[in-house]
Structure formats: C-alpha cells, structure tokens
2 protein chains.
Amino acid sequence: MKIDPDNPADLSAQIATAIRDAIVSGALIVGDRLPSEAELAEQFAVSRPTVREALKRLAAQSLIRTQRGAFGGAFINRLSYADAHAQQITTSTLLLGMNDTSFDTACEARFAMERACAMLAATRRGPDHLATMRAEITRQGQPGLTDESFCASDVAFHRALVDAAGNPVLSYQLAGAVEAMQPLMNMITFSARSRDAIIALHARIADATEGRDGPEIIAALEELERYTRQRAQSVFDARAARTDPA
Amino acid sequence: MKIDPDNPADLSAQIATAIRDAIVSGALIVGDRLPSEAELAEQFAVSRPTVREALKRLAAQSLIRTQRGAFGGAFINRLSYADAHAQQITTSTLLLGMNDTSFDTACEARFAMERACAMLAATRRGPDHLATMRAEITRQGQPGLTDESFCASDVAFHRALVDAAGNPVLSYQLAGAVEAMQPLMNMITFSARSRDAIIALHARIADATEGRDGPEIIAALEELERYTRQRAQSVFDARAARTDPA
DNA sequence: CGATTTTCATTTGTCAGACATTTAAAAGTC
DNA sequence: GACTTTTAAATGTCTGACAAATGAAAATCG
C-alpha cells in the first residue's frame, strides 16, 4: 500500500485509492482494523488531517466505519444490501436529473429491467408480496390522494413485484431503476381517469402474480409502459404548447 | 442548509448530508460554486478541516470537483455515465464479494437483466457492436489464453450486447451486474471443451443479433446461463470433495 | 475472593493558526 | 495594444493542541 509522494496533488485521494484497492483486492477483509490515523500518517508520510480526509472519502462509500475510544479505529465495513440500495438510488437519481436523460430512455430501461423479474416473481412470490401489492392498489384508489403519494405508492407496488423475484442482487439493481424514476414521474399530473387505467393494470399484474402467470405479468408491464409513455408524451406536448405557442 | 450543532457527533457527515440534499433536491445545480471553505466554516460554525472532510465525502461520490487558485473552489459536478459506471462496478463487486452471495443468485440476476436487453439489442444493434462481438469471439478461441483473459473477453462480449440496446441507462445498470460477476467467474477454470461450448453460444448470440432475432438471443442467453451454472456447480462440487473427503 | 468503581491509555473528533501552491484577474511596462 | 509582473483568493497541507469516548486494567469495597 504505497502512494506517490512526487505527485503533490491530491494526497488524500491517493491514499483513499490505495486503501480502496486493498479492500477490493481482498488484502483487507471485513472486520479488519486499519492502523490508527497517527500510524497511517506516519506510514504515508503525511499529516493526520490528510489521512482523515482519505478516510472520510472511504466512509462516504460505506467502505469503512469508525469507532472512537481505546481499541477503536477504522474498520472495514461489510457493504450491506441496504447501504448499496441507498447509494444506488442517490446515484441513479442524480444521473437522470443531471444528464437530461429523456423520459423515454429512462422509462424504457426501467420497464425492460422490471420485466426481467416477471418470470421469477411468478415462481417465487409469497403471500406477503401479494398482500403489499393489493394494499398499494387499494391506496392508489383512494380519493384525495396527492400526485406525490400516488407515485410513492406506485413505487412501493413495483418494489413488491421486484422483491417477489426473491433475488437480493436483482432487488438491489432494480432499486435504482424504479426509485430513481419517481422524480420524473412526479412531473406528470395524473388525472382521475389515468389513475384508474394504471390501477387496472396494477390489478392485472397482481392477478397474474397470484396466478403465477409470468407471461401475463410481462404483457401487463408492456401495456403499462406503453400507457406511461403516452401519458408523459401528452403532458410534455401540453407543456410545450403552453410555453411555446408559436 | 442547516446542521444540528447540539448533535456533536459527526459534524462533517452532517454537513456533507446537508449539501448532498441541496444537490439532490435541485437547490444546487450543475456548475454552481459552493462558498469557499472558510465561508462554509463560518456558516456552519465549524473549523475548516471539518468542512474539508465534508467536501471530501462529496468528492468521493463525484458530486463536486474542486479547483485551486483564485476564483477556484468546489463546483457541483455533472455526474457522468462514466463516473456512475465506475462507482456501480466497485459497489457491485464489493457487494458480491462481502455478502457470500451465492453464485447462482448472482448468475440468475445477471442473466435476467441481460435478457432484458435482448429485444432492444436486436432492434438497434449497429455494425460496431457486431464487430466487437465477433472480435471477442475470435479472441476467445485463441489457444494459450489465460482464464483471466478469457473472462475479460467474455465481459467485453456481453458489454457489447448490452450497449447494442442503445440505452445508456440500461448500460449503466447492467455494468454492475455483468462486470461484478467477473471475479466470481474467474474462480472457475475453463477447460478447452467448456470454452468451445461457450464460444459456440456466443456465436449463436452474435448470429441472432446480426439477424435481429430477439427471441433467439434470449434463448441463447438462457442456454448460456444454464451451462454457466452447471459448470460452476461441478467446480464447486469438485472443490468440496477435495476439501471435505468424508 | 468476587463485584464494583475508578483510573488511564488509546483513538477519533474538532479546533486554531500557519505556510505552500495554484490560478486568474488586475496592474504595470514597453 | 501586447506582454510581463504583481497580487489576491482559494485549495492543499502541516503542526500542535484539546475534547470526548471507550474499553482495559488497576484499585477499592463488601
């Protein structure tokens, strides 16, 4: 674990990279304790604040956790699915928000991936997944629900479908795709009529999931994608006509 | 943008979260310049090193970039697909490596997602994608190729297939699933015969992509998943028999 | 002797002040 | 006007220090 002292730029970044590489390569494993900040400072021939900046970089990625006190220090963290989930959602949200990704592109990716869960969900769905889906459908039908709450419930419904696939890796990957779409979906105002159409499709998905009919889930998701993109298109068209009435 | 000064724990984490929230919510947009470290220190009523630790946390997630000199400072970074790609691969690799995720689970997720690209890839594939796929197939057939190189070429082949779908969001999401599998795949030794089987399936995928036959791509990928899992199983069985000859 | 309390060394969290380095704008010069 | 020099602002780094937490060891007490 060495750094290049001739490169006077970004010492803390170099140190962080060196330690990260040691973790990824397996030289440092979960639970291992890093040397104390003072010892690291001596090893890398830098000051303690510089070491600390490097450690904070790693902490930001949940690679280490720190503990104060005697026999405390920085420990290699087990990257949990929950941590990875959260990171993925933040990253995906920013990615969509900052790169003027078109609604269609995001929508296409999201439904393509969600359909990938359909067959597994049909096989492995349990009563809890079905219960969640039914509950969210009920909520979506309640009058007076704000658009934000409707979208949140929509996300919860689809998460239940994804989780029904019973594959944590798939759930983690899909989290970004499904949840990051929410800010984009929030830009769409859902009329009562379009809500009914969506709820009907959700019911169709829930029924198909209950009946373990994978192809039917896929068909319903395709229909939902088509409908969502059409709704978005009309919203965007209306907005364009309002701001640019030429 | 406020922090809780009564909570004396993790001031730098609080500051980082406050700024990150401002970015995610859109209060700070790409290109905006944060106040200088000295000004931030004054605003949050903390010292400059503490502010710096917070900024390094954000830099670790590629949320900001810093520039030295007059009129320098910390600027909100545009999160590029390339940055997100790299982060995703690191996170996914660590996730698989640290949570004793079974090979089957990872494999199932990876192929499920990859099949989600098949229809789009059949529609949108260009000559460059085909060329890459053919080139990698050729490389995979060369004698004397190490297992690591074979796996690397395998990843490149599948990346080409994913990229052929022509959806950057999908490419970003898939990067984690496909590339993070590589360390797991590297644990498998590929005999000449199993390489031939894989190459044959790759050729089948390339042919189907060329013929824009989405269902055939999916069928070939399913076959490949089956074969991969079978190979892995026999490798693990052999290993278990060697270490535990009871 | 056993249980409880106290002490203490270790380590992270934070602060203050300082200097080096980089950078671009502003001032000066020909 | 074009070029050079100066300068102010900002990050990068260092030194030294103190506060707070924490678990182990020592001391104390029943």
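Per chain, numbering begins at 1; letters A, B, ... match sequence-line order. What you see is a predicted model, and the numbers here were worked out from it, not measured in a lab.
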Is there any protein nitrogen or oxygen under 3.5 Å from a nitrogen or oxygen in nucleotides 25-28 of chain D, and what are the pairs?
none

Close N or O pairs between protein and nucleotides 5-8 of chain D (under 3.5 Å):
none

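Nucleic acid contact for B:Arg65: none, since no nucleic acid atom lies under 4.0 Å from a heavy atom of the residue.
The pair A:Arg159-A:Glu179 meets the salt-bridge criterion, since a charged nitrogen lies less than 4.0 angstrom from a carboxylate oxygen.
For B:Arg52, a side-chain nitrogen or oxygen approaches OP1 or OP2 of D:dG12 to under 4.0 Å. OP1 or OP2 of C:dG13 lies within a sub-4.0 Å distance of a side-chain N or O belonging to A:Thr66. In terms of phosphate contacts, A:Ser36 brings no side-chain nitrogen or oxygen within less than 4.0 Å of OP1 or OP2 of C:dT10. Look at B:Arg33 and you'll find a side-chain N or O under 4.0 angstrom from OP1 or OP2 of D:dA10. Side-chain nitrogen and oxygen atoms of B:Thr50 include at least one within less than 4.0 Å of the OP1 or OP2 phosphate oxygen of C:dC15.
Summarising the local packing, CZ of A:Arg134 is surrounded by more than 12 heavy atoms from other residues, nucleotides or ligands at distances under 6.0 Å. Annotation for A:Arg229: atom CZ counts as buried by contact number, over 12 foreign heavy atoms lying within 6.0 Å.
Summarising the geometry, the separation between CZ on B:Arg48 and P on C:dG17 is reported as 13 Å, rounded to the nearest angstrom. The nearest whole Å value for the distance from the CD atom in B:Glu37 to the P atom in C:dA16 is 15 Å. C:dG13 atom C1' lies 8 Å from atom CG of B:Leu11, rounded to whole Å. When rounded to the nearest whole Å, the span between CG of A:Leu55 and P of C:dT12 equals 8 Å. Across the protein-nucleic acid pair, B:Asp10 atom CG and D:dA20 atom P stand 16 Å apart, rounded to whole Å. In this structure, CD of B:Gln67 is placed 14 Å from C1' of C:dA25, rounded to the nearest angstrom.
A donor N or O paired with an acceptor N or O is found under 3.5 Å between the base of C:dT21 and the side-chain atoms of B:Arg68.
Checking B:Glu114, B:His129, B:Arg125 one by one against B:Leu161, the side-chain contact (heavy atoms from CB on, under 4.5 Å) holds for a single residue, B:Glu114.
The residue among B:Gly73 and A:Pro49 whose nearest nucleotide of DNA chain D is located toward the 5' end is B:Gly73.
Judged as a side chain to side chain donor-acceptor pair (under 3.5 Å), and not counting sequence neighbours, the contacts of B:Ser153 are B:Glu136, B:Gln140.
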